[in-house]
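Side-chain atoms are counted along with the backbone in the values below, which use heavy atoms only and exclude waters and symmetry mates. In what follows, chains are A, B, ... by sequence order, proteins preceding strands, each numbered from 1.
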There are 2 protein chains.
Amino acid sequence: MPDERPLRADAARNRAKILEAANRQIIARGPEVPMEAIAEDAGVAVGTLYRHFPTKDALVAAVLYAHFEEMTLGAEAAADRIDAGGSALDEFTALFRFILENAAGNQAVKAAARSLGAPMDEDLLRGRGVRALERIIAAGISQGDLRADMTIDDCHLFFATAPIDQPAAVRERWFTLMMDGSRAPAARPAQ
Amino acid sequence: MPDERPLRADAARNRAKILEAANRQIIARGPEVPMEAIAEDAGVAVGTLYRHFPTKDALVAAVLYAHFEEMTLGAEAAADRIDAGGSALDEFTALFRFILENAAGNQAVKAAARSLGAPMDEDLLRGRGVRALERIIAAGISQGDLRADMTIDDCHLFFATAPIDQPAAVRERWFTLMMDGSRAPAARPAQ
DNA sequence: CCATAACCTGAATCTAGGTTCATTATATAG
DNA sequence: CTATATAATGAACCTAGATTCAGGTTATGG
């Protein structure tokens, strides 16, 4: 592995513009958005996309990776705040609201993940991500707010089922049902 | 509108084979499955698909329609059983399990619905379907088993979020969380 | 049995979108 | 300021998959 020699300044700038454009376009039009569209959005020629990413899938994967990373960071921050004395239920709720509204970002990103067989899901979630989530869940259970049988797998459900392409009211309702279903029966608000 | 003259016997047979093949292929490979694949599965030439359906979207829509119809019929039967003295919660649970496992059938059909803007969702659900679901929900609430704020819109969530492409264990877990979230707090089983 | 309208076939056409690469432009080491 | 390795450009190429249609089949009324 010959150590990567640094990118030329303009190349680095373009790479960033491409990633931003790809994210924007994928969110707006789904992962099937044409490379041309991404190129135009980035103010660059198609060829340039291929200079930075060997294939379209690679570009989409890079965008996905950024999203997963953002989620992981959010989870770790939440776990840390719990250790510092915060409410596990509050952090759990806030984290998944954050994921719902921002990180998973939209149906498109989910679709992209699916269309790639989401291999990186494994990587990141099996790494720092899961560890942080496990800390949060364990705290929530021991604090008596989360149902005792909740596991890391339930978190997959949030990713897998969030109706991100639906109107805000629908998303909100889903969030409510899901959260109520996640609580310990005793901790459930009287509707 | 000149009244449809009846299909020739062989044509009717082929139409049925095409619909079956399309359903099978869409379930197995998603709505982007090539027309050729459907034709082959049906034991027919591509041209024949186009004799029966003006466009690929029309064929996919026809498959979707059948699914929605099946769900509608199931809902009506459930509502009738409740009127005849059945448990609303049991029927509600059974109906959505049925929808989860069979009718919505799979992520593919859902994806197809999405890729078509799901106009028929409206049609059927605004018709007999909603009426049946409303009867079921109303009964569930008055019997004290469903959360009092549950509405027909919550049913959309089942369609929109069912993780049908996930392993059975995951689907089952989702079902549990969703159902627990749908119950009246008092009626919730002690986990 | 025929006539003929209905049907079916499948090669050919058309198009969108991914990918390549010869050419031209530009950053930057020295 | 130059030389040159890096980059960017975008027209051309290629493939998959939707759709068409000229020509061959077949069901069925009479």
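- Proximity of B:Thr55 to the phosphate of D:dA18: no side-chain N or O atom is located under 4.0 Å from OP1 or OP2.
- Between A:Lys56 atom NZ and C:dG17 atom C1' the separation is 8 Å, expressed in whole Å.
- Of the residues near DNA chain D, A:Ala45 and B:Met35, the one whose nearest nucleotide (by heavy atom distance) lies more toward the 5' end is A:Ala45.
- Within the 4.0 Å cut-off from OP1 or OP2 of D:dA7, not a single side-chain nitrogen or oxygen of A:Asn14 is found.
- In this structure, A:Arg29 atom CZ and C:dA16 atom C1' are separated by 12 Å, rounded to whole Å.
- At whole-Å resolution of the value, CG in A:Leu49 and C1' in D:dT9 are 12 Å apart.
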Considering only nitrogen or oxygen atoms on both sides, find all protein atoms under 3.5 Å from nucleotides 13-15 of chain D and state each distance.
none

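- What separates CZ of B:Arg51 from C1' of D:dG24 is a distance of 14 Å, to the nearest Å.
- The CZ-C1' distance, from B:Phe53 to D:dA18, rounds to 16 Å in whole Å.
- The CZ atom of B:Arg13 sits 10.0 Å away from the CZ atom of B:Arg8 when rounded to the nearest 0.5 Å.
- Judged as a side chain to side chain contact (heavy atoms under 4.5 Å, CB included), and not counting sequence neighbours, the contacts of A:Asp80 are A:Arg135.
- Once rounded to the nearest 0.5 Å, the distance linking CG of B:Leu95 with CD of B:Glu76 reads 11.0 Å.
- Residue B:Lys17 contributes atom NZ, which lies 13 Å from atom C1' of C:dT9 at whole-angstrom precision.
- Ion pairing of A:Asp154 with A:Arg147 is absent here, as no side-chain N (NZ or NE/NH1/NH2) approaches a carboxylate O to less than 4.0 Å.
- Taken to the nearest 0.5 Å, the CG atom of B:Asp41 stands 13.0 Å off from the CD atom of B:Glu36.
- Evaluation of the side-chain hydrogen bond (donor to acceptor under 3.5 Å, both in side chains) test over residues 47-56 of chain B, restricted to residues two or more places apart or in two chains, returns none.
- Rounding to whole angstrom units, CZ of residue B:Arg15 and P of C:dC7 are separated by 11 Å.
- Applying the side-chain hydrogen bond (donor to acceptor under 3.5 Å, both in side chains) criterion to A:Arg15, with sequence neighbours excluded, gives no partner residue.
- Considering A:Arg173, A:Arg171, A:Met179, A:Met178 in turn, A:Met179 is the only one that fulfils the side chain to side chain contact (heavy atoms under 4.5 Å, CB included) rule with A:Phe175.
- One can place OH of B:Tyr50 at 18 Å from P of C:dA12, the figure rounded to the nearest angstrom.
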Quick one: which protein N/O atoms are closer than 3.5 Å to N/O atoms of nucleotides 26-29 of chain C? Pair and distance per line, please.
| residue | atom | partner | partner atom | Å |
| --- | --- | --- | --- | --- |
| C:dT26 | O2 | A:Arg8 | NH1 | 3.1 |
| C:dA27 | O4' | A:Arg8 | NE | 3.2 |
| C:dT28 | OP1 | A:Ala9 | N | 3.1 |

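- The shortest distance between the side-chain N/O atoms of B:His52 and the OP1/OP2 oxygens of C:dC7 is not below 4.0 Å.
- For B:Pro34, whose side chain is taken as the heavy atoms from C-beta onward, the closest listed nucleotide among C:dC7, D:dT9, D:dA18 is D:dA18.
- For B:Phe92, the ring-ring contact (aromatic ring centres under 6.0 Å, His included) criterion is met by B:Phe96, not counting sequence neighbours.
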